[in-house]
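FYI, side chains are in, hydrogens and waters are out, and symmetry mates aren't considered; it's all heavy atoms of this structure. By convention in this document, chain letters (A, B, ...) are assigned in the order of the sequence lines, proteins followed by strands, and residues within each chain are numbered from 1.
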Protein chains: 2
Amino acid sequence: MTDSSCSNESLILYKMNCLNKQISSKFESCMGISQSRHDILYQLYQVDEMSQTALQKEVKIDGAAITRHLKQLEALGMIVRRKDPDDNRFTLVSLSAHGREQIIASQAEKARFVTSMLKDFNEKERKELTDMLIRIQQNISEV
Amino acid sequence: MTDSSCSNESLILYKMNCLNKQISSKFESCMGISQSRHDILYQLYQVDEMSQTALQKEVKIDGAAITRHLKQLEALGMIVRRKDPDDNRFTLVSLSAHGREQIIASQAEKARFVTSMLKDFNEKERKELTDMLIRIQQNISEV
DNA sequence: GGTCAATGATTGATGCATCAATTAATATAC
DNA sequence: GTATATTAATTGATGCATCAATCATTGACC
């Protein structure tokens with residue numbers, strides 16, 4: 001492997017990190033909530049109710065952070081938590097009516113955001129990018 | 001824009017965020033230091049000496065974090081800081097001999113990491129990915 | 001030379017992710 | 001039935017990024 005090739009790979013690593021910080025920042029400016037919080041709410045939007053553990057697995061955020069986010073969202077009246085009657089260890093989470101309205105209302109803004117982010121990417125390129133991201137994820141999971 | 005197209009764009013957003021978390025975590029496991037800290041040290045490795053402000057601009061990390069990282073690195077004997085004799089506002093930073101040895105020694109491990117991360121990506125694909133990342137960055141900067 | 005504006009570095013406050021430890025509940029083994 | 005192992009959620013500690021505020025220094029202007 002030549003130096004230029006190594007540098008290009010390192011550059012990819014650097015750019016991904018850097019880009020992600022920019023995306024996060026811009027996302028929060030546009031949406032008014034962080035990416036993680038949006039991911040949590042969006043996941044809840046897609047189901048009627050789910051356990052905290054399942055949620056944590058879906059959005060890939062550590063349980064401690066999940067607990068803290070949910071606590072705040074509950075205080076804001078965005079979600080409702082209750083014990084699972086079949087197993088008291090589980091806490092079931094769902095969007096409140098208010099929370100559901102909010103997440104629905106935010107979808108247009110989000111669509112605008114991602115459309116801007118991928119401006120000038122045709123369908124083929126979007127497919128390729130997705131494919132690459134999946135492959136990298138696979139590679140990383142094997143490190 | 002159809003729903004499936006919107007979903008795919010959102011999926012790209014989600015995957016990038018998620019992937020970045022995984023990369024960061026694995027990077028730190030493999031290298032023993034965080035990506036940000038490595039970026040700082042690597043940038044210093046490429047120059048003889050530079051100001052904190054220049055460093056902050058190069059690695060795109062906020063000044064407060066730069067100060068804190070450098071303070072710790074100085075305490076570890078990895079870097080040296082001194083006032084710029086031409087302008088007392090500036091602090092000049094350089095790698096210590098020890099720090100330089102360390103960063104040089106870490107390059108092999110880093111090369112292995114990025115090679116694994118991009119396993120099975122040929123030259124063309126790596127070029128495409130870089131290109132896409134640059135384009136997204138451009139798009140994001142215009143949001 | 002004096003005043004005000006701009007700049008660099010630092011400190012404080014806050015948000016938030018991770019890992020470790022802990023408690024309570026359930027599952028498993030005997 | 002009892003003891004132990006496992007699991008879910010929470011709390012504590014830590015790392016670290018950002019923004020705001022502050023202080024010291026320099027630049028611009030009169």
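Taking atom CG of B/Asn17 as the reference point, atom P of D/dA17 lies 16 Å away to the nearest angstrom. Here D/dA8 presents its C1' atom at 9 Å from NZ of A/Lys57, a figure rounded to the nearest Å. Atom CG in A/Asp62 sits about 10 Å away from atom P in C/dA20, given to the nearest Å. The CD1 atom of B/Ile61 sits 15 Å away from the P atom of C/dT10 (whole-angstrom rounding). Remark: P of D/dT25 and CG of B/Asp86 are 16 Å apart, rounded to the nearest angstrom. Residue B/Gln56 contributes atom CD, which lies 11 Å from atom P of D/dC19 at whole-angstrom precision. A straight line from CG of A/Leu70 to C1' of D/dA9 spans 10 Å, rounded to a whole angstrom. Separating the CG atom of B/Leu55 from the C1' atom of D/dA17 is a distance of 15 Å, rounded to the nearest angstrom.
With distances taken from any side-chain atom of B/Arg89 to the nucleotides C/dT7, C/dA25, D/dA20, the minimum falls on C/dT7. The side chain of B/Ala64 lies closest to C/dG12, out of C/dG12, D/dT26, C/dC16.
For the atom pair B/Arg126 CZ and B/Leu118 CG, the distance stands at 7.0 Å (nearest 0.5 Å). Interatomic distance, A/Leu55 CG to A/Glu49 CD, rounded to the nearest 0.5 Å: 12.0 Å.
The shortest distance between the side-chain N/O atoms of B/Lys71 and the OP1/OP2 oxygens of C/dT11 is below 4.0 Å. Phosphate proximity of D/dT7 to A/Thr53: absent, as no side-chain N or O sits under 4.0 Å from OP1 or OP2. Note on B/His69: a side-chain N or O is less than 4.0 Å away from OP1 or OP2 of D/dA17.
Nearest-nucleotide positions on DNA chain D place A/Thr91 closer to the 5' end than the other of A/Thr91 and B/Lys60. When each of A/Ala65 and A/Asp84 is assigned the nucleotide of DNA chain C with its nearest heavy atom, A/Ala65 is the one assigned upstream, toward the 5' end.
Taking both residues in full, the closest heavy atoms of A/Arg81 and A/Thr67 are given as NH1-O, 4.3 Å, listed atom of the first, atom of the second, then distance. A/Met117 and B/Ile12 get closest at one heavy-atom pair: CE-CG2, 4.1 Å. Closest of all the heavy-atom pairs between B/Ser96 and B/Gly77 is OG-O, 2.6 Å. Scanning all heavy atoms of the two residues, the minimum distance from A/Tyr42 to A/Ile103 falls at N-CD1, 4.0 Å.
Residue A/Ile66 is classed as having no contact, given no heavy-atom separation below 4.0 Å to the nucleic acid. Base engagement by B/Thr67 is indicated by at least one non-hydrogen atom pair under 4.0 Å involving a base atom.
Among the candidates A/Leu73, A/Ile40, A/Leu70, the single residue satisfying the side chain to side chain contact (heavy atoms under 4.5 Å, CB included) test with A/Met78 is A/Leu73.
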Side chains of residues 13-22 of chain A: which donor-acceptor partners sit under 3.5 Å, not counting sequence neighbours?
{"from": "A/Tyr14", "atom 1": "OH", "to": "B/Glu58", "atom 2": "O", "distance (Å)": "2.7"}
{"from": "A/Lys21", "atom 1": "NZ", "to": "B/Lys60", "atom 2": "O", "distance (Å)": "3.3"}
{"from": "A/Gln22", "atom 1": "OE1", "to": "B/Gln137", "atom 2": "NE2", "distance (Å)": "3.0"}

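Rounded to 10 degrees, the angle separating the terminal helix axes of the helix from C/dG1-D/dC30 to C/dC30-D/dG1, each built from five base pairs, is 20°.
In this structure, B/Thr91 contributes its side chain and B/Gln52 its backbone to no donor-acceptor pair below 3.5 Å.
Between the side chain of A/Arg68 and the base of C/dT14, no donor-acceptor pair under 3.5 Å is found.
Of the residues in residues 18-52 of chain B, B/Ser34, B/Ser36 come within less than 4.0 Å of DNA chain D through at least one heavy atom, sorted by number.
By the 4.0 Å N-to-carboxylate-O rule, B/Glu123 lies too far from B/Lys127 to be salt-bridged with it.
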